[in-house]
There are 2 protein chains.
Amino acid sequence: MDFRQLQYFVAVVEEGSVSGASRRVHVAQPALTRQIKLLEDSLGTQLFTRHSQGMQLTITGRALYEDAQDLLDQRQQVIARLAALDNGLSGKLSLGITVTHLWLPMVAELLGAYRKRYNGVAFEVFPLLSGPQLERLQQGKLDAGILYLDDEAPAGLSSRLLHRDSLILAVPESSPLAEAAPNSLSALNDEDFVWGARSASPVYYDRVLSHLHRLGFNPRPVQYGADNIAILSMVAAGLGMAVVPASAGESTVIPGVRYLRMKELDECSMPLCFAWRSDNDSPTLANMIALVDETLSLEMDRK
Amino acid sequence: MDFRQLQYFVAVVEEGSVSGASRRVHVAQPALTRQIKLLEDSLGTQLFTRHSQGMQLTITGRALYEDAQDLLDQRQQVIARLAALDNGLSGKLSLGITVTHLWLPMVAELLGAYRKRYNGVAFEVFPLLSGPQLERLQQGKLDAGILYLDDEAPAGLSSRLLHRDSLILAVPESSPLAEAAPNSLSALNDEDFVWGARSASPVYYDRVLSHLHRLGFNPRPVQYGADNIAILSMVAAGLGMAVVPASAGESTVIPGVRYLRMKELDECSMPLCFAWRSDNDSPTLANMIALVDETLSLEMDRK
DNA sequence: CTTCTCAATACCTTTCCGGTATACCCATGG
DNA sequence: CCATGGGTATACCGGAAAGGTATTGAGAAG
């Protein structure tokens, strides 16, 4: 029992005769006659009663007719489904991102555009800091991530630079500095600082620290927060001041925190990248990469 | 996309390599390699990533794997279902019968045995008199019937003689005849009779009437009943007496009716037959016919 | 570096499929 | 009663497709 034979069979049933079916499927009548007979033989049953003016279904033939249509339909559906999968029109895509970056206009635009254009894809966004993102990317648990990376991605990963973040100083409203920002960071050597764990985002912290050291500034950490939200909450509570990414400062409005821009912090550039495993050939990912490139070139034009 | 290719594909997936699959399906490895490639081409997609130590499914390959199993399973089910249909192990069978005949031991045994042996068959019994049964049989609305037929069945029908019914006289308990049966029917020429419609069972009535006429007895009908139950109810009500089949008399115990056997009525033979359209090739019917023959030959042995 | 495994390629043989020509069957109509 | 026209079945041929053997090529393991 073969798909071809089933197609012929259905044609014969619907045309009521081999000759009619022969015209419909563009196959000569004797070939059809033979295939129908082979089908009957392989099933060990009689599907038609032959008359001089056509073929009439037997009871078991009628049963096969319904099943044959189902089988043929399902084959079509399988083919269509695979094509959709292969074009990245269906399937799944998992993306890691640090929640504060969701507020960046280009990121919001990117994710919104993807969800809209590829609405058949199960698109999952995982809120993760850069460190865990990198780990899961390398383990293959994540298709893509939006995270802080050095300009050249680690081995096995590919990336696109989405945005260069700068730094900003967050001080408690109660602090005298809230009203009068210092000219230089070196004036803050005696202040209490709230800091984050290096493992949460190694690239970020290494770059921040080396930048600050170059300026002759050695902050004194008194508290550690798990992420920027936690750090800023501590600042609001007056536990100290903090250096955070500008994007986190812009997106996170917390009562009791005053943000201060400083030239020395503006000069520190934090590359925020879209990254994925180079050997991940998922079509949904390919579409996402294409969309990233598209968005980036639009961005270029805009400037 | 072909069933054969799907089988090969599944084998390759489950063995993890073309070579393994080749051993499993008893087809040389290059042939398999080629079929897999053809499958990929026909779907326009990559199903495996080739490694030196085997083949690994791609995402779309994994999707096809599940669908392929489904398709192959369904093919098997279709084949099995057709085989069952063809053996008469499933399907449907409709049978007409006059309800009073359900009490005949041989009929009860026959229907019970069929239902038990072919429990996958949708077996429907329609309570119908002989006339309507014949009509529906000829129209193909009924697969078989148990009805009064002449010894040779009408054109287009085949039959087996199941049983020879005789006649019996039913009189109201209130009648003086209930206590003293007459020797001859001719003594009843002046009695009121309850009769049935010829169309309900033409063969039956024609035979009964010709038999009675031969005996010089011309009953005077005063009431007509739709079936034997109705006729006997009228007898019970004292509206008259009736001649009914012995089987109806034995099965239908109605208060107020006394049954009288008479030699002249015993001699009238009513052939009760199992009948079907000769051109009906339903396997369920074929099994029923075989069962009838089986039962009849058992019956013969018993005597 | 050798060896082993496995996939890919080349080439041949066989099988299967479709096409043409024709026989056959039956219903219809002159 | 025979011709005709619809249909199916059979015979036979050519080409395409599938399978087999032998061999090459590419990695992984020893």
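Residue numbers start from 1 in every chain, and the chains themselves are labelled A, B, ... in the order their sequence lines are given, proteins ahead of strands. Nothing here was measured: the structure is a model prediction, and the numbers come from that model.
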Keeping to residues at least two apart or across chains, list the side chain to side chain donor-acceptor pair (under 3.5 Å) pairs with something in residues 281-292 of chain A.
-> Ser282(A)-Thr284(A)
Over 60° means perpendicular and under 30° means parallel, so classify the ring planes of Phe48(A) and Phe9(A), tilted if in between.
-> tilted
Assign Arg34(B) to base, sugar-phosphate, or nothing according to its heavy-atom contacts below 4.0 angstrom with the strands shown.
-> base
Answer yes or no: does a side-chain N or O of Arg50(B) lie under 4.0 Å from OP1 or OP2 of dC6(C)?
-> no
Below 4.0 Å: OP1/OP2 of dT10(D) and any side-chain N or O of Lys37(A) = yes
May I ask you to verify if any side-chain N or O of Tyr8(A) is less than 4.0 angstrom from the OP1 or OP2 atom of dC17(C)?
-> no
Quiz item: cation-pi between Arg75(B) and Phe3(B), 6.0 Å / 45° | yes
May I have the distance from Arg23(A) (atom CZ) to dG18(C) (atom P), rounded to whole angstrom?
-> 18 Å
Give a yes or no on whether a donor-acceptor pair under 3.5 Å exists between the nucleobase atoms of dA18(D), that is its base, and the side chain of Gln35(B).
-> no
Give Leu38(B) one of three labels, base, sugar-phosphate or nothing, depending on what nucleic acid heavy atoms sit under 4.0 Å from its own.
-> sugar-phosphate
Test item: Ser90(A) side-chain N/O and Val121(A) main-chain N/O as donor-acceptor pair under 3.5 Å | no
Think Thr33(A) has a side-chain N or O under 4.0 angstrom from the OP1 or OP2 of dT10(D)?
-> no
Starting at the 5' end of DNA chain C and moving along, which residue's nearest nucleotide shows up first, Gln29(A) or His26(A)?
-> His26(A)
Short side-chain N/O contact from Ser17(A) to OP1 or OP2 of dG6(D), under 4.0 Å = no
Which of the following nucleotides, dG20(D), dG18(C), dC6(C), is nearest to the side chain of Ala28(B)?
-> dG20(D)
